[in-house]
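Accompanying notes for the structure given below.
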Amino acid sequence: IPDTLLNIIKKYDGQIYTTAPVDKILIKNNKAFGVSVHGESVRADFIISSVSIVQTVLKLCKDTKFNSIFLNQIKSYKQGLQASMVFMIVDKAKINVEDGNVLYVYLPPYDLNKTMHQLFKGIYPDEPPFGVFLTRGNEAFRPATLLFYTPKGETNKQRLIQEAERLVEKAALFIPKFTSSILWKKTVTSLDYPHEIGFKSCVLPVAESKGYKKMPFKLPVKNLFNVGSSVLPAGGGTVQAVKSGLQCAEFIYSSAEKSF
């Protein structure tokens, strides 16, 4: 996905900043006009934040005066569970999996709510839910990603790596010969995300919050938007997160057309 976006942005003469964390979103007279990166102002007609709505409002827009009802709702949100992942390359000839993108989801044979409560309490369940996603690849190899929840508050990286290994073995229950097909793998725990990928991994960004209700991607500041899994449309997962970005893009495009 990042490579695809990079090519599209370059095609239309867009500029990419790397290793450039945003300090704050620049707002004047309730209108966003840019961001501050390492103290340098970068101006833009529209500002789109893809971090959670909580980080966007409370951290990047901390000096902005929002409506108290809106602000109190944001403050009530709590961060949910983080994710850890195992990235792999598998030998296509050794596993009998249909071509294309395939997702396997393992759910515990008993109460899922009980399992999730254990994770939120920092406990490793005996039968945790997890997923394995295989993409198309080429004639010989296929990329595969195993994703699982990090028990809340876990700070022991080695314990997470052990859990990752256990779940890779468990994946062989529904993908025969899966473990023997692995040619390369790398575990990226939730503790690694900030320095490996640049942000915290959060599968359920604010869903733990009592009475949580997603907000629209259009924030109450002109030309400021938030996309991702913490805003509408309802639902979870990558599809809904991407859909918010598509809807935001359509809105900006139609707004720009009307201004000409």
Side-chain angles (χ1 to χ4, degrees), residues 1-5 80-193 196-197 199-205 207 228-229 235-243:
I1 293 175
D3 289 340
T4 301
L5 292 174
L81 293 173
Q82 293 184 308
S84 294
M85 297 185 182
V86 184
F87 298 101
M88 296 164 279
I89 299 295
V90 299
D91 187 335
K92 194 173 182 179
K94 288 187 177 182
I95 54 172
N96 184 22
V97 177
E98 63 184 90
D99 286 333
N101 299 327
V102 182
L103 173 64
Y104 292 89
V105 178
Y106 178 84
L107 296 177
Y110 45 83
D111 190 354
L112 178 59
N113 286 332
K114 181 180 178 181
T115 302
M116 297 306 293
H117 280 304
Q118 287 180 313
L119 287 163
F120 275 113
K121 289 179 180 179
I123 300 169
Y124 285 87
D126 292 333
E127 299 284 348
F130 67 95
V132 178
F133 183 57
L134 292 103
T135 52
R136 188 179 301 277
N138 58 27
E139 292 183 359
F141 312 118
R142 294 184 73 166
T145 304
L146 185 149
L147 181 147
F148 65 99
Y149 294 113
T150 296
K152 194 153 191 178
E154 180 60 274
T155 58
N156 187 333
K157 179 178 176 178
Q158 193 56 42
R159 180 66 183 86
L160 286 169
I161 292 174
Q162 290 173 359
E163 180 70 353
E165 292 296 324
R166 183 173 80 93
L167 297 182
V168 168
E169 294 287 336
K170 203 172 188 66
L173 295 175
F174 49 87
I175 309 176
K177 300 182 180 179
F178 181 70
T179 50
S180 63
S181 73
I182 298 172
L183 303 171
W184 173 91
K185 67 179 175 181
K186 178 180 180 180
T187 300
V188 179
T189 73
S190 54
L191 304 175
D192 300 316
Y193 260 72
E196 286 266 358
I197 299 179
F199 56 84
K200 288 183 178 180
S201 76
C202 203
V203 178
L204 307 173
S229 57
T238 304
V239 173
Q240 298 305 96
V242 171
K243 191 176 289 185

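We number each residue from 1, following the sequence as shown.
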| remark: Closest heavy-atom pair, F178 versus A171, reported as atoms and distance to 0.1 Å, is CD2-CB, 3.8 Å

| Between L146 and F130, does a side-chain contact (heavy atoms from CB on, under 4.5 Å) hold up when you go through it step by step? | CA-CA 7 Å; L146 185 149; F130 67 95; 4.0 Å; yes

| field | Residues V86, L167; criterion side-chain contact (heavy atoms from CB on, under 4.5 Å); working and verdict | value | CA-CA 10 Å; V86 184; L167 297 182; over 6 Å; no

Return all side-chain donor-acceptor pairs below 3.5 angstrom for residues 107-124, not counting sequence neighbours, or 'none' if the list is empty.
{"residue": "D111", "atom": "OD1", "partner": "N113", "partner atom": "N", "Å": "2.9"}
{"residue": "T115", "atom": "OG1", "partner": "D111", "partner atom": "O", "Å": "3.2"}
{"residue": "Y124", "atom": "OH", "partner": "E154", "partner atom": "OE2", "Å": "2.6"}

| query | Are any of the side-chain heavy atoms of V90 and V97 separated by less than 4.5 Å? | reply | no

| field | Spacing of CE belonging to M88 relative to NZ belonging to K186, to within rounding of 0.5 Å | value | 14.0 Å

| message | For the OH atom of Y106 and the CD1 atom of I175, what is their distance to the nearest 0.5 Å? | response | 13.5 Å

| message | Rounded to the nearest 0.5 Å, what separates atom CG in L183 from atom NZ in K92? | response | 13.5 Å

| message | Listing request: all salt bridge (Lys or Arg N to Asp or Glu O under 4.0 Å) pairs with a residue in residues 139-148, at least two apart in sequence or in separate chains. | response | none

| CD of E98 to CZ of R136: how many Å apart, nearest 0.5 Å? | 10.5 Å

| Any chance CZ of F141 has more than 12 other-residue heavy atoms, nucleotides or ligands included, within less than 6.0 Å? | no

| How far apart are the C-alpha atoms of V132 and F174, what are their side-chain angles, what is the distance that settles it, and do they pass the side-chain contact (heavy atoms from CB on, under 4.5 Å) test? | CA-CA 10 Å; V132 178; F174 49 87; 4.3 Å; yes

Can I get a per-line list of side-chain donor-acceptor pairs under 3.5 Å for residues 155-164, giving both atom names and the distance, sequence neighbours left out?
{"residue": "N156", "atom": "OD1", "partner": "Q158", "partner atom": "N", "Å": "3.0"}
{"residue": "N156", "atom": "OD1", "partner": "R159", "partner atom": "N", "Å": "3.1"}
{"residue": "K157", "atom": "NZ", "partner": "D192", "partner atom": "OD1", "Å": "3.0"}
{"residue": "E163", "atom": "OE1", "partner": "R166", "partner atom": "NE", "Å": "3.0"}
{"residue": "E163", "atom": "OE1", "partner": "R166", "partner atom": "NH2", "Å": "3.4"}
{"residue": "E163", "atom": "OE2", "partner": "R166", "partner atom": "NH2", "Å": "3.0"}

| message | side-chain contact (heavy atoms from CB on, under 4.5 Å), that's the test. Do T150 and T189 meet it? Break it down for me. | response | CA-CA 8 Å; T150 296; T189 73; 5.9 Å; no

| said: Could you report the tightest heavy-atom contact between S190 and A83, atom names first, then the distance? | reply: CB-O, 3.3 Å

| Exercise: identify the closest heavy-atom pair between F87 and T145 | CD2-OG1, 3.7 Å

| said: Is it the case that atom CG in N96 sees more than 12 heavy atoms from other parts of the structure closer than 6.0 Å? | reply: no

| note | Rounding to 0.5 Å, atoms CG (D91) and CD1 (I182) come to a distance of 11.0 Å

| field | Close side-chain approach of I89 and P143, heavy atoms under 4.5 Å | value | yes

